[in-house]
Enquirer: 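Can you read through this structure? Questions will come right after.
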There are 2 protein chains.
Amino acid sequence: MRRIAPDRDQLLGIVAEVFREHGYEGASLALIGEATGLGKGSLYHFFPGGKEEMARAVIAHIDGWFEDNVFAPLRDSTDPQAGIGHMFEATDGYFRSGRRVCLIGAFALDESRDLFAGQIRDYFGRWIMRLAEALARSGHRPGEASELAEETVAAIQGALTLARAANDLDVFSRALRRLRMRLGLPAKI
Amino acid sequence: MRRIAPDRDQLLGIVAEVFREHGYEGASLALIGEATGLGKGSLYHFFPGGKEEMARAVIAHIDGWFEDNVFAPLRDSTDPQAGIGHMFEATDGYFRSGRRVCLIGAFALDESRDLFAGQIRDYFGRWIMRLAEALARSGHRPGEASELAEETVAAIQGALTLARAANDLDVFSRALRRLRMRLGLPAKI
DNA sequence: GTCTATAGAGTGATAGAC
DNA sequence: GTCTATCACTCTATAGAC
């Protein structure tokens with residue numbers, strides 16, 4: 001038979017955008033079906049657990065992207081400053097300079113939080129931990145590094161909220177510029 | 001007829017909590033009816049525009065609270081530092097030290113943003129503007145004051161998201177403590 | 001026949017409008 | 001309370017690949 005369905009990776013990307021735009025409650029199966037071009041049969045074939053499993057898979061997919069493109073470089077760069085610089089570039093790219101919101105952050109505020117609390121806590125916890133380690137390796141005292149890491153991740157989340165609220169992308173790029181400076185990185189070209 | 005309904009102020013407070021806990025989509029009229037003790041008939045009597053009007057009224061109600069308890073003190077305090085200190089206390093109290101999320105911030109991330117974009121932009125815009133003015137009056141250069149104000153409001157939003165994600169209230173109080181320091185206020189007792 | 005992927009009618013529950 | 005629309009979801013049927 002013909003294979004119309006995109007592979008799982010593409011599929012999760014499309015479903016993620018529906019959740020991102022409409023929230024967990026607002027993302028109806030009708031919308032998801034429309035966006036993916038799949039009928040309910042196919043959707044339930046891929047995700048027997050229904051909408052909840054779709055969301056779980058989407059969160060895991062995003063988490064995996066950050067693991068590969070943000071957390072791992074923070075952990076593995078021999079030069080911690082380079083890892084932190086990489087984090088800012090990847091973050092700016094991922095959120096399309098403020099055009100995109102953080103789906104996991106949005107889920108954290110929603111009632112859907114209870115369903116996905118573990119995944120949400122893990123994602124942010126790992127981000128802060130990897131950044132704190134990199135900051136410690138680049139010379140900050142451990143306690144200070146932890147606070148600075150927490151502050152940085154919170155600032156990114158807040159900037160996404162504010163950029164969206166003000167409908168002004170500059171809010172996000174200004175925030176990233178300030179954070180780069182505070183973390184001792186050279187101003188970006 | 002018997003008057004079971006609380007007055008409009010109380011009513012809006014109750015409806016606000018339902019939106020806060022469940023989001024715009026997730027807050028069903030059944031939930032709202034249950035929380036308020038009002039039937040659908042009464043709800044449509046108070047809010048002929050239905051759920052959308054309820055949300056609009058709730059946002060306006062919250063905005064009014066911040067106007068009175070945060071924005072006005074920032075504008076009117078003869079000592080700008082006192083106004084800023086007052087802002088932190090009111091903010092900490094309002095968000096119950098991180099137990100409560102910012103409904104308007106949550107709406108900003110949701111699809112409901114399109115419905116309430118004007119109100120959302122106004123709220124955050126006024127907060128940042130009043131804070132920037134107070135910072136300018138307390139000695140910061142105007143451009144610096146603007147950036148610092150934006151950074152502060154974003155940090156508060158981000159801390160609320162993170163506190164909720166980590167299920168750890170300390171995230172919020174640590175953020176407020178750092179912000180107080182950065183804005184030149186004495187550490188809180 | 002078996003497996004995977006598909007479409008979509010049909011389920012009861014519940015949504016918001018009135 | 002009544003209305004209709006839509007919700008998440010189930011189920012049956014069907015396709016071609018093996």
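Letters go in sequence order (proteins before strands), and every chain restarts at 1.
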Enquirer: In whole angstroms, how far is the P atom of dA17(C) from the CD atom of Glu52(B)?
Expert: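 One finds 9 Å between P of dA17(C) and CD of Glu52(B), rounded.
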
Enquirer: Hydrophobic cluster mates of Leu109(B), side-chain heavy atoms under 4.5 angstrom, ILVMFWY only, any path?
Expert: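 Result for Leu109(B) is Val101(A), Leu109(A), Val101(B).
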
Enquirer: With sequence neighbours excluded, what pairs up with Phe116(B) under the ring-ring contact (aromatic ring centres under 6.0 Å, His included) test?
Expert: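 Scan of Phe116(B) (ring-ring contact (aromatic ring centres under 6.0 Å, His included), adjacent residues dropped) gives Tyr24(B), Phe107(B).
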
Enquirer: Pro73(B) and Asp68(B): which non-hydrogen atoms are nearest, and at how many Å?
Expert: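 Closest approach of Pro73(B) to Asp68(B), heavy atoms only: CD-O, 3.4 Å.
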
Enquirer: Linking directly or through intermediates, with side-chain heavy atoms under 4.5 Å: list the remaining ILVMFWY members grouped with Met181(B), chain and number order.
Expert: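 ILVMFWY cluster around Met181(B) holds nothing else.
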
Enquirer: Within the 4.0 Å heavy-atom criterion, would you say Gly50(B) contacts the bases, only the backbone, or no part of the nucleic acid?
Expert: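 Since only primed, P, OP1 and OP2 atoms lie under 4.0 Å of Gly50(B), the category is sugar-phosphate.
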
Enquirer: Contacts to DNA chain C from residues 24-33 of chain B, heavy-atom cutoff under 4.0 Å, which residues?
Expert: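 Ala27(B), Ser28(B), Leu29(B), Ala30(B), in order of number.
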
Enquirer: Can you name the residues that form a side chain to side chain donor-acceptor pair (under 3.5 Å) with Gln81(B), not counting sequence neighbours?
Expert: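 Gln81(B) satisfies side chain to side chain donor-acceptor pair (under 3.5 Å) with no other residue.
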
Enquirer: For dC18(C) and Tyr44(B) - does any side-chain N or O of the residue sit under 4.0 Å from the phosphate oxygens OP1/OP2?
Expert: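 Answer no for this pair, as no side-chain N or O of Tyr44(B) is under 4.0 Å from OP1 or OP2.
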
Enquirer: What's the CG-C1' distance between Leu43(A) and dC9(D), to the nearest Å?
Expert: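 Rounding to the nearest Å, CG of Leu43(A) and C1' of dC9(D) are 11 Å apart.
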
Enquirer: Roughly, in whole Å, what's the span from NZ in Lys51(A) to P in dC9(D)?
Expert: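 These atoms are roughly 8 Å apart.
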
Enquirer: Are there any protein N/O atoms within less than 3.5 Å of an N/O atom in nucleotides 10-13 of chain C, and if so, which ones and at what distance?
Expert:
from, atom 1, to, atom 2, distance (Å)
dG10(C), O6, Lys40(A), NZ, 2.7

Enquirer: What residues, two or more places apart in sequence or in another chain, satisfy salt bridge (Lys or Arg N to Asp or Glu O under 4.0 Å) together with Arg20(B)?
Expert: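 With sequence neighbours excluded, Arg20(B) shows a salt bridge (Lys or Arg N to Asp or Glu O under 4.0 Å) to Glu17(B), given in chain and number order.
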
Enquirer: Output a table of donor-acceptor pairs, distance under 3.5 Å, between side-chain atoms of residues 154-168 of chain A and any protein atom two or more places apart or on a different chain; print 'none' if there are none.
Expert:
from, atom 1, to, atom 2, distance (Å)
Thr161(A), OG1, Gln157(A), O, 3.2
Arg164(A), NE, Ala108(B), O, 3.2
Asp168(A), OD1, Asp170(A), N, 3.0

Enquirer: So, OP1 or OP2 of dA5(C): does either fall under 4.0 Å of a side-chain N or O from His45(A)?
Expert: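 For His45(A), the contact criterion (side-chain N or O under 4.0 Å from OP1 or OP2 of dA5(C)) is met.
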
Enquirer: Can you check the Arg8(A) CZ to dT4(C) C1' distance for me, whole Å?
Expert: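 Going from Arg8(A) (CZ) to dT4(C) (C1'), I get 15 Å.
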
Enquirer: Rounded off to whole Å, could you give me the CG-to-P distance for the Leu11(A) and dA5(C) pair?
Expert: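 Those two atoms, CG and P, are 11 Å apart.
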
Enquirer: In whole angstroms, how far is the C1' atom of dG16(C) from the CD atom of Glu34(B)?
Expert: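 After rounding, the reported distance stands at 17 Å.
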
Enquirer: Take atom CG of Leu115(A) and atom C1' of dA8(D), then tell me their distance rounded to the nearest Å.
Expert: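 After rounding, the gap between these two atoms is 14 Å.
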
Enquirer: Could you pull out all residues at least two apart from Arg56(A) that satisfy salt bridge (Lys or Arg N to Asp or Glu O under 4.0 Å)?
Expert: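 Glu52(A).
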
Enquirer: Indicate yes or no: does Lys51(B) engage Glu25(B) in a salt bridge with an N to O separation below 4.0 Å.
Expert: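 Salt bridge absent between Lys51(B) and Glu25(B).
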
